[in-house]
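Here is the structure we will look at.
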Protein chains: 4
Amino acid sequence: MGMNVHPVASTQHSESTEGGKRERILDAALALFAERGFHGTPVPLVAERAGVGAGTIYRYFASKEALVNALYRQWKMAFIDCVTADFPIDKTTRAQWSHVFRRAVEFAQKNPLAFDFLELHHHSPYLDDESRAIEHRVLTLAQSILGASRMLHATRDEEPMLLISLVWGGVIQLIRCARQGMLELSPEMLERFERLSWEALRA
Amino acid sequence: MGMNVHPVASTQHSESTEGGKRERILDAALALFAERGFHGTPVPLVAERAGVGAGTIYRYFASKEALVNALYRQWKMAFIDCVTADFPIDKTTRAQWSHVFRRAVEFAQKNPLAFDFLELHHHSPYLDDESRAIEHRVLTLAQSILGASRMLHATRDEEPMLLISLVWGGVIQLIRCARQGMLELSPEMLERFERLSWEALRA
Amino acid sequence: MGMNVHPVASTQHSESTEGGKRERILDAALALFAERGFHGTPVPLVAERAGVGAGTIYRYFASKEALVNALYRQWKMAFIDCVTADFPIDKTTRAQWSHVFRRAVEFAQKNPLAFDFLELHHHSPYLDDESRAIEHRVLTLAQSILGASRMLHATRDEEPMLLISLVWGGVIQLIRCARQGMLELSPEMLERFERLSWEALRA
Amino acid sequence: MGMNVHPVASTQHSESTEGGKRERILDAALALFAERGFHGTPVPLVAERAGVGAGTIYRYFASKEALVNALYRQWKMAFIDCVTADFPIDKTTRAQWSHVFRRAVEFAQKNPLAFDFLELHHHSPYLDDESRAIEHRVLTLAQSILGASRMLHATRDEEPMLLISLVWGGVIQLIRCARQGMLELSPEMLERFERLSWEALRA
DNA sequence: TATGAATGAGCTTTCATTCAT
DNA sequence: TATGAATGAAAGCTCATTCAT
C-alpha cells in the first residue's frame with residue numbers, strides 16, 4: 001500500500017475503456033514515450049492509443065512538453081513514494097537498504113513501462129525545472145541517509161556518492177538485464193543481489 | 001595505442017575543416033544526437049554542423065537511420081576496443097578489473113559525447129540487429145571472463161550477471177554523476193571507487 | 001431619441017452581467033471582431049467574453065458567419081437610423097449636411113467599436129447578400145438627396161457620386177485620423193471640418 | 001517609370017510559370033490576402049496559387065506574419081514611390097495636387113489587388129513596427145507639404161490634417177466606388193473630381 | 001434552455017529526402 | 001562528386017461545431 005494511493009497500480013493496462021480521459025492520456029503517453037521516446041511519438045498517436053480525439057489532449061495539457069513533464073513528475077513521485085513509504089527509519093541500515101532495494105525492484109516489476117520511461121527521460125532537455133527538482137530530492141535524501149549511517153559506522157567510511165553510485169547503478173542495471181531477458185529475477189536471485197550490494201555498502 | 005586507430009581521438013572537436021566528409025558528418029551527428037536525441041535532430045542541422053550540403057549526407061548514408069546505426073556501431077566498437085585493448089589476459093583478475101575500470105572511465109572522459117550518445121541510444125527502436133548484436137558481445141565477453149575467475153575462486157562464487165550488473169551499473173552511474181557535477185572524478189576518487197567495486201567482486 | 005431604441009447605447013460596455021444572452025453575445029462579438037477581425041476571433045472566446053457557454057451561441061446564431069452578419073446588420077442599421085433620424089427634410093441642404101455630419105461623428109464617438117467593425121468588415125466575403133443590400137441603401141438615399149438639391153442649385157452641378165465620395169470619404173477619414181490620435185475632434189475642429197466639407201458641396 | 005523599378009508592373013498576373021519563386025509567392029499572397037484577408041487565407045492555398053510547395057514559402061519567409069509584412073512594405077513603398085516619383089516640387093501646389101491625385105488613381109487602376117490589400121490591412125495587429133513606420137511617413141510628408149503651401153496662402157488657412165482627411169479620404173472613397181461599379185472612372189470624371197477636390201483645398 | 005467537454009478537420013510549420021545543377 | 005533549393009507528408013496545435021448532460 002502507500003504507493004497505491006497513487007495512480008501506479010491503475011496505469012499499466014493501456015486500452016481501457018473506463019477511466020478519466022486525463023488518466024487514459026497519461027497511460028497512453030507512458031507506453032509510447034517509454035517505447036519510442038518523446039520526439040519519436042506523435043501526439044495523434046497518443047490520442048489514438050488513449051481512445052480520445054487529438055484535440056482533447058490539449059484540454060488536459062498545454063503542450064506535448066507539458067504532458068511529458070506531468071508524466072515524469074507523476075511517476076517519479078510514485079517511485080519515490082513507493083521506495084520511501086513505510087521506510088524503517090528506526091531499524092538498522094541493513095534493514096533500510098533491504099527495504100529500498102525490494103521496493104525499487106517491486107516498482108520496476110509492477111510498472112515496467114514507468115521504469116523504462118523514467119530511465120529514458122531523466123535529464124532530457126524538455127524536462128522543466130520542477131521535474132528536475134524532484135530528481136534532485138532523491139539524491140539528497142539518499143546522501144543524508146548514507147551520511148548518517150556512515151557516522152554510526154554502519155556503512156563504509158566512504159564518500160556517500162561513491163556508494164550510492166555503485167549500489168544504485170547496480171540495481172538499475174540488474175533490472176535492465178532482467179528486462180532484456182539476460183537474467184531471471186527470482187526471489188532467490190533478488191535476495192542474492194541484495195546481499196551482494198549490502199556487502200558493498202556495509203562497514 | 002589500440003584505441004587510437006579508431007576515430008576516438010579525432011572526433012571530440014566538432015567544427016573541423018579538414019578530414020573526410022564522412023567523418024565530419026559522423027562527428028556532427030554524434031554531438032547533435034548526444035545532445036538532442038535522434039528524433040530531435042534534423043538532418044539539415046547535422047549537415048550544417050558538418051559543413052556539408054544536406055544532400056551529401058545521403059551519399060554516405062542511405063538514411064538517417066543508417067547514419068545513427070553507423071554512428072552507434074563506430075562508438076560501441078571504439079568503446080569495446082578501448083576497454084579490451086592490451087587486456088592483461090595473463091594477470092590477476094584484480095588487475096583485469098582495474099584495467100577495465102580505468103579504460104572505461106578514460107573513454108568516458110576522452111569522449112563525453114560518445115558516452116552520452118551510447119547511453120542515450122542503447123536499445124532504441126531504430127537500432128538494427130547488427131547494432132544490437134555488438135551490444136550483446138560485450139556482455140558475453142564479460143560473463144565468460146567472470147565465469148573463469150569464479151572457477152579460480154578469484155571472484156565471488158556468484159552468478160556472473162549479478163556481479164556484472166552491480167559493478168558495471170556502478171561504473172556507468174559513477175560517470176553519470178560526474179557528468180552532472182555531483183562528483184569530481186579525481187584520480188584519488190577513481191581509485192577509491194575501483195577498490196570499492198573490487199571489494200564487491202572479489203572472493 | 002430615435003437611435004436609442006436601438007441597441008446602440010447598451011453595447012459599448014462589454015462584461016455586463018444583466019441583459020439578454022443574445023445581446024451579450026453580440027456585444028462580445030462586436031468588441032472582438034473589431035479588434036481582431038472575423039477569422040482572427042475564435043467562437044469560444046466570444047462565448048467567454050459574453051459570459052455564456054460556447055454552445056449557447058449556436059442557439060442564437062446558426063454559425064459564426066450568421067453571427068457576423070447579424071452583427072453587421074444590427075450596426076449598419078443603427079448607423080443609418082442614427083444619421084437619418086430627425087432628418088431635417090424640410091430644411092436647407094446646408095442644414096441637412098450639418099445634421100448628417102454631426103450624427104455620423106456622434107455615432108462614431110459613442111460607438112467606436114461599432115464604427116471600427118463596420119469599417120473593417122464592409123464587403124467581406126462572408127457577408128451575405130442581405131447585409132450587402134443594406135450597404136447599398138445608404139448610397140441610394142444619399143444620391144437621391146443630393147440629386148434633388150442639385151436640381152435646386154443648392155449644391156454643385158456635379159455628378160452626385162463624386163460629391164458623396166469626396167465628403168463622405170472625408171468624414172470617414174477624419175474619424176479614422178481621430179481614432180489613431182492624429183487629430184483631436186474638439187467641437188471647434190468638427191465645426192471647421194463641417195464648414196470645409198460644405199464648401200466642397202455647395203453650389 | 002520611376003515606379004517601374006519596383007515589382008509593381010510585374011505582379012498583377014498571378015499564375016505565371018516564369019519568375020522567381022519569391023515573387024510568385026508574393027503575387028499569390030497579394031491576391032488571396034486582398035480577397036480573403038490574412039486570417040482567412042491558409043498558407044497552403046498561397047502555395048498552390050504560387051505553384052510551389054507549401055514548405056517552400058518558409059524558405060523565403062520566416063512565418064505567415066513575415067510574409068504579410070513583406071507584402072505590405074513592398075506595396076506601400078511601391079505606392080509611395082509611384083505617388084512621389086517626379087513630384088513637381090517647384091511647380092504650383094495646384095500642379096502638385098494634380099500629380100498626387102493622378103498617380104494615386106493610376107496606381108489603384110494598375111494594381112487593384114494591391115490597393116485593396118493596402119486598404120484592408122493598414123493598421124492590422126499583425127503588422128510590425130517597421131510596416132507601421134512606413135505608414136506614418138506618408139502622413140508626415142503630406143502634412144509638411146500642405147503646411148508649406150498654407151504659409152504661401154496657396155491652400156486654405158486650415159489645419160492640414162483636416163484638409164488631408166477630406167481630399168485623401170475622398171480619393172480613397174472615389175476608387176472604392178469605382179471598384180464596386182457605382183461610378184466609371186473615365187478621364188473626364190477623374191478631371192472633374194480632381195477639380196472638385198482642389199476647390200476644397202485651395203485658398 | 002444552457003452548457004462546455006469533446007471532437008476532427010484544418011491550420012501553421014518542420015524536415016527527411018530528392019534531384020537539377 | 002557535391003550541392004542546397006524544393007518538396008509534401010506529417011508534425012504540433014487550434015477551433016467551429018456538436019451533443020450528452
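Protein chains get the first letters and strands the later ones, always in sequence-line order, with residue 1 at the start of each. These numbers come from the heavy atoms of this one structure, side chains and all, not from hydrogens, waters or symmetry mates.
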Between [atom2] of [N] and [atom1] of [X], the distance in whole Å:
X	N	atom1	atom2	value
B/Glu48	F/dA2	CD	C1'	17 Å
A/Arg36	F/dA10	CZ	P	13 Å
A/Arg59	E/dG8	CZ	P	15 Å
A/Phe61	F/dC13	CZ	P	13 Å
A/Tyr58	E/dC11	OH	P	17 Å
C/Arg24	E/dA2	CZ	P	10 Å
B/Tyr126	E/dA16	OH	P	13 Å
B/Ile25	F/dT1	CD1	C1'	12 Å

When we call it a touch if two heavy atoms are under 4.0 Å apart, what does [X] touch: a base, just sugar-phosphate, or nothing?
X	result
B/Val43	base
A/Tyr60	sugar-phosphate
D/Pro44	base

Practice prompt. Name the residue closer to the 5' end of DNA chain F, choosing between B/Ile57 and C/Gly40 according to the nucleotide with the nearest heavy atom.
Written response: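 Closest to the 5' end, via its nearest nucleotide, is B/Ile57.
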Item to complete: Could you check C/Gly55 against A/Gly55 and say which one's nearest nucleotide on DNA chain F is further toward the 5' end?
Response: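 Closer to the 5' end of DNA chain F: A/Gly55.
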Worksheet item: How do C/Val52 and D/Phe38 order along DNA chain E: which one's closest nucleotide is nearer the 5' end?
Response: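 Residue closer to the 5' terminus by nearest nucleotide: C/Val52.
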Worksheet item: Hey, is the main chain of D/Arg59 close enough, under 3.5 Å, to the side chain of D/Lys21 for a donor-acceptor pair?
Response: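 A pair under 3.5 Å: no.
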Item to complete: Flag the pair A/Asp128 and A/Arg73 as a salt bridge only when some basic side-chain nitrogen lies within less than 4.0 angstrom of an acidic carboxylate oxygen.
Response: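 Salt bridge between A/Asp128 and A/Arg73, a charged N being under 4.0 Å from a carboxylate O: yes.
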Practice prompt. Kindly give the heavy-atom pair with the smallest separation between C/Phe79 and C/Leu118, and that separation in Å.
Written response: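 Looks like CB-CD1, 4.2 Å.
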Item to complete: Report yes if the side chains of D/Leu71 and D/Trp75 come closer than 4.5 Å at any heavy-atom pair, otherwise no.
Response: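 Yes, close enough: below the 4.5 Å cut-off.
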Worksheet item: Just one of C/Lys64, C/His121, C/His39 clears the side chain to side chain donor-acceptor pair (under 3.5 Å) bar with C/Tyr126, so which one?
Response: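 Of the listed residues C/Lys64, C/His121, C/His39, the side chain to side chain donor-acceptor pair (under 3.5 Å) partner of C/Tyr126 is C/His121.
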Item to complete: Could you check which of E/dA6, E/dC15, F/dA2 has an atom nearest any side-chain atom of B/Thr56?
Response: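 So the side chain of B/Thr56 is nearest to F/dA2.
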Worksheet item: Closer than 4.0 Å, any side-chain N/O of A/Lys64 to the OP1 or OP2 of F/dC13?
Response: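 No, because none of the side-chain N or O atoms of A/Lys64 sits under 4.0 Å from OP1 or OP2 of F/dC13.
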Worksheet item: When you check the phosphate oxygens OP1 and OP2 of E/dA2, does a side-chain N or O of C/Lys21 lie under 4.0 Å from one of them?
Response: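 C/Lys21 to E/dA2 OP1/OP2: side-chain N or O found under 4.0 Å.
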Worksheet item: Applying a 3.5 Å limit to both distances, which nucleotide forms a Watson-Crick or G-U wobble pair with E/dT21?
Response: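 Partner of E/dT21: F/dA2.
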